[in-house]
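Beneath this line is the structure, given in structure tokens, with notes to follow.
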Amino acid sequence: MAVSSYQSRDADIDIGRLSAAVWRDKWIILIGSLVITALVAVALMLATPQYRSDARVLIDAGESVFTRPERDPLADQTRLDQEAVASQVEIITSTDLLMQVAGELDLASRSEFNDAASMSAFGRGLAALGLGADSSDVAGEKRVLDAMRERLTVFPVENSRVIVIGFRSSDPELAARVPNALARAYVALESRAQLQNTGAAADYLESEIGPLQDEVRAAEAAVAEYSAANGLFMGQNNSVLATQQLAELSTELSRVRAERSALEARVRSVESALDSGTSVDTLPDVIASPIVARLTEQRANLMARQADLSTTLLPGHPRMQALQSQIGGLEAQIRDQARNVLAGLRNEASIARGREEELNGDLNTLKAASADASGSEVELRALEREAASKRALLETYLLRYREAQSRDQGEYAPAKARLISSATVPLEPSFPRMVPMVGATLFVSLVLMVVVTLMRELFSGRALVPAAVAAGSGAIPTADRDDAPVLRDRVAVEPPTDVDEPAAAPPANDNFSVAAVASKLVRRGAGRALIVSPAGGSGAHNTVAIARAIDARGLRAIVLDLSGTGLASRLMDADPADPGITDLLAAEASYSDVIFGDGASGAHIIADGNADPDRAVSGIERLPIILDGLSSAYDIVLVDCGATDAAGLNRLVSADSEIVLSVDAQSGESAVDAARDLSEGGHDDVLIVIEEEGGMPDPVEPEPMRKAG
């Protein structure tokens with residue numbers, strides 16, 4: 001298949017073309033899908049039906065609250081994580097367990113699991129010739145095991161501790177028996193493993209308990225001997241007796257010191273009152289004396305009588321003086337009694353100081369004894385710790401041993417898995433599912449046939465259209481042709497034409513005809529054709545004719561009228577009032593406003609326009625950009641340059657440009673001069689087109705042009 005020329009430029013997909021191609025081939029698509037579906041249905045009907053059933057096992061501790069050992073509840077959590085569940089899957093699919101189930105169900109006698117017994121003579125012959133596999137060379141157990149693994153499916157349910165054991169077989173009863181037998185064998189295996197672990201643990205603990213008991217007795221005896229040898233007798237609070245006595249004596253010394261300090265303070269207060277001559281009957285220690293209390297009471301009575309008599313007697317009266325003398329005698333007795341109290345306080349303070357000195361001596365003695373016992377106490381604590389650790393280990397071993405022994409003797413070993421759902425005999429086969437599989441085949445085949453049709457249409461290039469000329473210009477329609485030719489790579493340059501000889505008449509061959517020049521432009525892969533007309537008459541005719549010839553080949557062509565005469569526009573049914581290239585250069589119109597369709601073909605035309613020439617000339621720098629934009633949307637851009645020279649073409653020439661010299665019978669020497677000017681300007685490879693006899697019909701009164709979009 002040839003590659004379309006659109007692949008060398010930006011292109012869009014024509015959805016309408018693709019839809020039309022699908023509708024065109026609808027019967028092929030439908031018949032092809034039905035054929036594929038029928039073949040699949042026949043294959044499914046000939047296939048051996050397979051039945052599937054599954055059992056479910058829960059990985060969980062089988063202990064009850066009455067038999068659970070007294071231990072850390074976190075100890076058994078490690079067997080409940082996802083890794084532990086995955087490990088149980090591997091145990092279920094282990095070779096030993098599968099072979100145990102195979103032997104229990106006698107799977108080796110079934111041809112489904114042992115194809116060597118049912119191998120035909122023809123198959124044996126092929127195997128003997130090396131054209132087929134000889135299953136008899138494989139061990140019977142290996143064949144059964146491979147067949148079981150092929151039909152067995154074991155997987156954990158996500159986010160749970162449930163394991164699904166699935167099995168498929170051509171026998172529905174066997175499809176249910178195998179997973180049930182495998183689940184029971186797995187639970188029994190776990191129970192036996194638990195029982196074996198319990199028995200092994202009991203034996204180990206029994207062998208460790210005897211020596212450990214001897215070690216505990218020896219450690220405790222060492223503690224007692226060391227305590228007796230070093231005088232480390234224990235008091236209250238599990239402390240050494242010397243240390244305990246030191247603490248008690250220190251407490252007593254603190255109390256005595258506080259009592260002595262209080263007595264000395266009381267002595268100082270009484271001495272201060274006596275020395276200063278102030279009243280002593282206000283001191284707590286003096287007031288506490290019964291004698292001082294009586295004397296104070298008598299003085300108060302005398303002072304009351306003196307106050308009563310002072311109302312009738314003068315101070316010098318004998319009675320008043322007698323009362324005053326008695327009051328003075330009582331005050332002297334009170335002070336004498338205060339001195340007695342002071343003497344008693346001094347005696348108590350002296351006794352307290354003596355007691356303090358005695359306690360200080362005893363404390364120093366106990367400090368020395370406690371310091372001597374501290375070093376021995378460190379060693380004693382080490383011996384006690386060792387004895388305590390061995391005693392705790394012994395108690396733990398004894399507890400575990402009793403638990404293990406009770407389980408082992410009672411053969412009680414709860415498995416950490418249990419069967420929660422048994423497999424049942426399936427009523428319908430799991431394969432083949434005729435209705436859903438045939439429906440899915442029909443749908444997929446329809447989609448594939450449609451995709452093949454669309455890909456064929458895309459690779460042929462018929463469903464590709466050039467990209468829009470510029471943003472906002474809208475899509476430009478393309479001719480609906482199935483025989484669009486392919487732009488080939490540019491071939492070798494044509495031999496230069498001898499421009500010294502006038503081309504007044506066409507040569508014997510048709511190398512200079514419109515069709516020949518159009519073929520050369522297509523063959524050379526020209527993206528832009530600059531048509532020069534020395535006489536100015538035949539240029540427009542030949543330009544329009546070449547555009548229509550290229551359009552007839554299925555390629556997209558557009559004519560840009562830069563001749564200034566407007567003849568090409570009129571030949572393609574142009575309306576002088578419509579905008580054109582000058583309006584585009586003056587920025588007064590967009591691409592979609594200036595591109596129109598030819599009334600006689602699928603080619604497009606951009607007329608000369610009606611904008612102000614000065615404004616159009618001021619925007620002449622945009623002309624190369626406009627030509628590049630048109631080249632990205634069309635296969636070839638035909639520029640009618642009119643009567644111009646080589647210098648005027650320099651702005652329009654590009655890498656994929658071809659220059660065409662349009663000659664007619666009236667060109668004469670002007671055609672020779674134009675060819676010479678182009679050659680001197682560096683344009684040696686010039687194509688010549690000669691207007692055919694009869695030319696083109698004269699332009700008619702233009703009608704409103706049809707928009708390209």
Side-chain angles (χ1 to χ4, degrees), residues 61-81 84 193-255 359 362-414 416:
E63 287 283 2
S64 65
V65 295
F66 304 104
T67 60
R68 184 179 296 115
E70 294 295 333
R71 64 183 67 179
D72 186 3
L74 299 178
D76 294 332
Q77 287 188 357
T78 55
R79 67 180 182 182
L80 301 180
D81 56 12
Q194 290 287 91
L195 191 59
Q196 291 175 358
N197 293 337
T198 301
D203 295 339
Y204 167 76
L205 292 174
E206 185 179 6
S207 63
E208 291 291 323
I209 287 175
L212 189 58
Q213 288 176 337
D214 297 336
E215 293 179 5
V216 170
R217 283 192 294 268
E220 292 177 347
V223 170
E225 291 175 0
Y226 189 84
S227 298
N230 293 274
L232 300 177
F233 302 103
M234 292 297 171
Q236 296 178 354
N237 299 325
N238 197 27
S239 60
V240 179
L241 186 59
T243 304
Q244 182 178 351
Q245 290 177 349
L246 178 63
E248 294 175 353
L249 188 60
S250 177
T251 303
E252 179 66 17
L253 178 60
S254 299
R255 186 188 64 79
L359 290 176
D362 295 341
L363 183 63
N364 293 331
T365 303
L366 286 176
K367 283 182 179 179
S370 178
D372 293 339
S374 296
S376 301
E377 188 178 3
V378 172
E379 182 66 23
L380 178 63
R381 292 288 181 263
L383 294 174
E384 289 177 346
R385 284 194 299 271
E386 183 179 0
S389 63
K390 292 183 177 181
R391 186 185 306 109
L393 181 60
L394 176 60
E395 292 174 355
T396 302
Y397 277 13
L398 287 173
L399 178 62
R400 299 290 177 84
Y401 174 71
R402 295 190 188 99
E403 294 175 355
Q405 190 178 30
S406 63
R407 288 172 176 265
D408 189 24
Q409 292 177 354
E411 295 185 353
Y412 174 72
K416 58 183 178 182

Mind checking side-chain hydrogen bond (donor to acceptor under 3.5 Å, both in side chains) for Arg217 and listing every partner two or more places apart, or none if nothing turns up?
->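 Partners of Arg217 under the side-chain hydrogen bond (donor to acceptor under 3.5 Å, both in side chains) test: Asp214.
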Taking only residues two or more places apart in sequence or in another chain, which ones pass side-chain contact (heavy atoms from CB on, under 4.5 Å) with [X]?
{"X": "Leu383", "answer": "Val223, Tyr226, Glu379"}
{"X": "Glu215", "answer": "Leu212, Lys390"}
{"X": "Leu398", "answer": "Ile209, Gln213, Leu394, Arg402"}

Please report the closest heavy-atom contact between Arg391 and Val216, naming both atoms and the distance.
->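 Between these two residues, the closest heavy atoms are N-CG2, 3.8 Å.
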Got a sec, which residues hit salt bridge (Lys or Arg N to Asp or Glu O under 4.0 Å) with Glu208, two or more places apart in sequence or on another chain?
->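 Glu208 satisfies salt bridge (Lys or Arg N to Asp or Glu O under 4.0 Å) with no other residue.
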